Amino acid sequence: MASGLHSRRGFFAIGVGAAALLAGCAGLERGPAVPLGRTVQASVLGLPNERFYPTRGVDALGAEFDAAVRRLRRTQGLTPDAPVPPVQLLAVSGGGEDGAFGAGLLCGWSDEGSRPVFELVTGVSTGALTAPFAYLGSAYDPQLRSVYTDLRPSDVLASRGLTAALFDDALNDNSPLFATISRFLNDDMLAAIARAYNDGRLLLIGTTDLDSQQPVIWNIGAIASTGHPRALDTIRRILLASAAIPGAFPPTMFDVTLDGQPYQEMHVDGGAFAQAFLYPARLGDRRRERVQRGEQVVPATAYVIRNGRLDPDWSHVQRSMLNIVGRAISTMIAASGYNDVLRIYANAQRDGIDFNLAYIGSDFTMELPEPFDQGYMRALFDYGYQRARHGYDWAKRPPI
C-alpha cells in the first residue's frame with residue numbers, strides 16, 4: 001500500500017478491522033433474522049427467481065440459464081433445434097475507486113468498435129455499479145463515464161466520525177451513494193433492463209448475507225421485468241448492498257417474508273465471498289454432461305475485468321497494531337481477488353469457454369491520495385480507455 005491507509009485496501013481494512021475489534025459492542029436494533037436453514041425460502045418481492053444461493057445448489061440458477069437460452073432463441077427467430085450463435089459473458093470485479101479502470105476500458109472498447117453485446121453480465125461491489133451500464137451496451141457509456149469521472153467523495157459517503165465505531169453500524173453513511181445510484185438508475189433504465197432480460201440476457205449481482213454467511217446472486221433482469229412497484233427501489237438497494245464494505249459502510253437491510261411472517265436480512269459487499277464470479281462451477285458440470293450425451297451446448301467467450309492489480313502491492317509496514325492488522329487484511333483481500341480470477345479461468349478452461357482477462361498493469365503508478373479522489377479516478381479511467389481504444393491486449397490466462 002504505497003499510499004498508506006488512504007488507499008482503497010487500507011480504507012477497507014480500517015472498516016473491517018474496526019468491526020472485528022469491536023465485535024462485542026452492542027448493536028443497533030433490527031428486525032428478526034430469518035431462522036436457521038430457511039434463508040432459501042425467504043423472499044423480498046415474492047418472485048421465485050429473484051435470487052439464487054449457489055452454495056445450496058445450482059438447479060434453480062441452471063433453470064434460469066436454460067430459460068434465458070429459450071428467450072434468446074425466440075428473440076433471434078431460431079427453431080428449437082437450431083444452434084445458438086456464440087454468446088458473450090462479462091464479469092466485472094470489485095475494487096472501489098479502481099472501478100474507474102473497467103469503466104474506461106468499456107468506453108474505450110466501444111469507441112474502438114469491437115465491443116460485443118453481452119448475454120451475461122455479472123458484477124460485485126464497484127463491479128455491481130458498472131454492470132448495469134455494461135449490460136445495456138454502448139448507448140449507456142456517457143452515464144458510465146460520468147459515474148467514474150464526475151464522482152466526488154461527497155457523492156459516495158459522509159463520515160460519521162470516529163465514535164461511529166462504538167455506537168453505529170459503520171464509520172460512514174452511504175446514503176449519498178444511494179442517491180447517486182438512484183440518479184442514474186431511473187424508470188427508463190429499469191425498462192431497458194427488463195427488455196434485455198426478455199430478449200434472453202441475464203444481469204446478475206452478488207451480495208453477502210451476513211446472517212446466513214452465504215453468497216447471494218440477484219437476478220436483476222427478472223426483478224426489473226415484473227413491473228412490481230418496489231422493483232426499482234429493490235434493485236437500487238441491491239447495488240448499494242453489493243458495494244457496502246463492512247465496517248466502512250452500513251449494511252443494507254432487506255425486509256423479507258417467510259411463511260407469511262416478516263423477517264429482516266443483513267447484506268454487505270459481495271466481495272466478502274467473491275470479488276468476481278461468472279457462473280458456479282457446478283453449472284459447468286451440467287454443460288460437460290450435455291457434451292458427453294451428444295447434446296448441443298452454446299459456444300461462449302468470457303471476459304473478466306479485474307478492477308485491480310494482480311502483482312504484489314509493496315509497502316513498508318509500520319510496526320504498530322493498526323498498520324499490521326490493516327496490511328494483513330489488505331493482503332487477504334488481494335489474495336482473494338487473485339484466487340477469484342484463477343477460479344474463473346480454471347472453470348472456463350474446463351468447460352471449453354474462451355477466456356480473456358483485463359487488469360490494471362504495473363505501468364499505472366499513480367497513488368490514491370484519499371478515498372474516491374476524482375483526479376485518481378479520472379486518470380485510471382483514461383488509462384483503461386486508451387488501452388481499449390487502441391485494441392486491448394486481453395490476457396488469455398492469469399499472470400501466474
Side-chain angles (χ1 to χ4, degrees), residues 7-13 15-16 90-107 121-135 140-141 143-153 155-157 172 174 176-181 183-185 203-208 215 218 220 235-249 252 267-277 303-310 330 333-334 336-338 340-341 358-360 364 368 370-374 376-381 383-385:
S7 74
R8 180 186 60 80
R9 290 179 184 170
F11 187 57
F12 195 120
V16 176
L90 174 67
V92 189
S93 85
E97 302 91 342
D98 288 347
F101 166 72
L105 188 154
L106 286 164
C107 291
V121 177
T122 70
V124 174
S125 196
T126 193
L129 305 182
T130 299
F133 301 107
Y135 177 70
Y140 280 78
D141 282 357
Q143 293 93 320
L144 178 59
R145 177 189 293 267
S146 179
V147 168
Y148 284 96
T149 60
D150 296 334
L151 199 72
R152 299 163 299 176
D155 295 318
V156 179
L157 59 89
N172 303 284
N174 61 355
L177 178 58
F178 184 75
T180 299
I181 292 170
R183 188 168 70 250
F184 287 96
L185 183 53
L203 172 59
L204 306 177
I205 299 298
T207 67
T208 299
W218 296 83
I220 302 301
I235 293 172
R236 289 168 172 170
R237 289 165 55 77
I238 291 168
L239 301 186
L240 185 71
S242 186
I245 299 170
F249 296 124
T252 299
H267 287 248
V268 298
D269 196 318
F273 252 94
Q275 294 177 39
F277 72 97
Y303 297 92
V304 179
I305 297 177
R306 165 63 180 162
N307 286 312
R309 294 170 57 158
L310 292 177
S330 71
I333 294 168
S336 173
Y338 190 84
D340 289 333
V341 170
Y359 56 95
I360 301 173
F364 183 79
L368 179 66
E370 63 179 356
F372 303 101
D373 177 75
Q374 191 177 79
Y376 174 90
M377 295 175 69
R378 286 179 174 178
L380 187 53
F381 180 96
Y383 171 84
Y385 178 88

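Small disclaimer: the values here were computed from a predicted structure and weren't measured. In this chain, residues are counted from 1 in sequence order.
Here CD1 of I235 is found 5.0 Å from CD1 of I220. Values are rounded to the nearest 0.5 Å. For the atom pair CG (L204) and OH (Y135), the distance works out to 8.5 Å, reported to the nearest 0.5 Å. The line from CD1 of I181 to CG of D155 is 11.5 Å long, rounded to the nearest 0.5 Å. Taken from CZ in R306 to CG in D98, the straight-line distance is 8.5 Å, to the nearest 0.5 Å. Considering CD of Q143 and CG of L185, their distance stands at 11.0 Å, rounded to 0.5 Å. Here the CD1-CG distance, from I205 to L203, works out to 5.0 Å after rounding to the nearest 0.5 Å.
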* Take R378 and D150 through the side-chain contact (heavy atoms from CB on, under 4.5 Å) test and state the conclusion after the steps. => CA-CA 8 Å; R378 286 179 174 178; D150 296 334; 3.8 Å; yes
* Give the C-alpha distance, both sets of side-chain angles, the deciding distance and a yes or no for side-chain contact (heavy atoms from CB on, under 4.5 Å) between I305 and L106. => CA-CA 9 Å; I305 297 177; L106 286 164; 4.1 Å; yes
* side-chain contact (heavy atoms from CB on, under 4.5 Å) evaluation trace for F372 with L157 -> CA-CA 9 Å; F372 303 101; L157 59 89; 3.9 Å; yes
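A pairwise comparison of heavy atoms in V124 and G271 identifies CG1-N, 3.3 Å as the closest pair. In plain terms, the two heavy atoms of T126 and G94 that are nearest each other are CG2-C, 3.6 Å. Annotation for L90 and A134: closest pair CD2-CB, 3.7 Å, computed over non-hydrogen atoms. Between F101 and A358, the shortest heavy-atom distance links the atoms CE2-C, 4.1 Å. Residues A100 and M377 come closest through the heavy atom pair CB-O, 3.3 Å. Annotation for G102 and N307: closest pair N-OD1, 2.9 Å, computed over non-hydrogen atoms.
Ring geometry for F133 versus Y140: interplanar angle of 30 to 60°, hence tilted. Taking the six-membered ring for Trp and thresholds of 30 and 60 degrees, Y376 and F364 have ring planes more than 60 degrees apart, a perpendicular arrangement.
A donor-acceptor pair shorter than 3.5 Å can be found between the side chains of T130 and Y148.
Contact annotation: the side chain of P246 never approaches that of T208 to less than 4.5 Å [non-hydrogen atoms, C-beta and beyond]. L151 places a side-chain heavy atom less than 4.5 Å from the side chain of V156. Counting only heavy atoms from C-beta outward, the side chains of S146 and F184 approach each other to under 4.5 Å.
With hydrogens and angles ignored, the 3.5 Å screen pairs no side-chain donor or acceptor of S93 with any backbone N or O of A276. Between the side chain of S242 and the main chain of S125, a donor-acceptor pair closer than 3.5 Å is present. The closest donor-acceptor contact from the side chain of Q275 to the backbone of I333 lies under 3.5 Å.
Dense packing is recorded around CZ of R183, with more than 12 heavy atoms of other residues, nucleotides or ligands lying under 6.0 Å away.
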